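Scroll down for the structure; my scribbles are underneath it.
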Amino acid sequence: MQTQLIFDTKATLGEGPVWSAKSQTLFWIDILEKRIYAGAKIIAQLDKYIGCLSLRPNGTLLTALSDGDGSSSLVNLQVDSSQQSVLATMSESATNRFNDGKCDPAGRFLAGTMAMNESDPTGALYSFDGRQVTKLFGGVTISNGLTWSPDHKTFYYIDTPTRKIQAFDYDLATGQIANPRVAIRIADTLGWPDGMTSDTDGNLWIALWGGAQITKWNPQTGKLLEQIPVPALQTSSCIFGGKDMNELYITSARKGMGEENLKKYPLSGGVFKVETKATGMPTFEFT
Ligand code: CA
């Protein structure tokens, strides 16, 4: 499997890839530059940090925005008119911002927060069903990757500094989680677990920040199945796309790398693609 650069965008913190099956387009964000991309094109420049987004069937986007001054909200964004409407506001510390999030298979939006200093455990994970926000849990340091098993009965979650992937029973009817346990432990030498997605076999594809790779794991056994090298040190997230849903799209970041590492990994901040033998789970939309 050969990883290829598809967008040489040099993002500061490329993240949050979602695949639109309808338009066969990859949407993704640069959190720190407050930008939304469709493919290689910037389609929105915001004035707040954007932690993640979801597609909506009506063509608008659900975005998780933080102004770095105490306001963290879920906002509907109409890209063409730049019209924004606030759907929900979280009571969050002024030093927190939204980080990774995505929709569950029933169309709820789950999004987590983190302290901007990346070390205080003041983050939380929220679930939004279109009417009300439920705080699933707090005490998170860097709320990151999340995904579901193919039968939608298990929810997987990453708080990056723990280097663990947690599994929960997931009640798709209510959005409640239960029975937390550790599914995977990531060795220090591999990197930090960041964004994640799942395939139809039930395996997890996890971006390893600082590890220049995407890894494939069996969450039933906790075993590492495959390593895909990426020519960017800080691989941040991944999502399946393409006509046959077998292409893995990978985001990356340049932030905090230093001159030497940027010279070694000049494509950092780009978006990469690799063909796999797996079929990915679809990107769920906010309904
Ligand atoms: Ca992330």
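Remember, it's a predicted structure, so these values are computed and weren't measured experimentally. Counting convention: from 1, in listed order, for ligands and their atoms alike.
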For Thr147, the side chain to side chain contact (heavy atoms under 4.5 Å, CB included) test, sequence neighbours excluded, returns Lys102, Tyr156, Met196, Thr197, Ser198, Leu204
(Q) Salt bridge check, Asp169 against Arg181: does any charged N sit closer than 4.0 Å to a carboxylate O? (A) yes
Applying ring-ring contact (aromatic ring centres under 6.0 Å, His included) to Trp28 and not counting sequence neighbours gives Tyr37
Arg35 and Ile42 have their tightest heavy-atom pair at CD-CD1, 3.7 Å
Side chain to side chain contact (heavy atoms under 4.5 Å, CB included) filter on Cys103, not counting sequence neighbours, yields Ser54, Phe109, Phe284, Phe286
From the list Lys34, Glu33, Lys255, side chain to side chain donor-acceptor pair (under 3.5 Å) partner of Thr12 resolves to Glu33
Protein-derived N, O or S atoms sitting under 3.0 Å away from the Ca ion (ligand 1) total 3
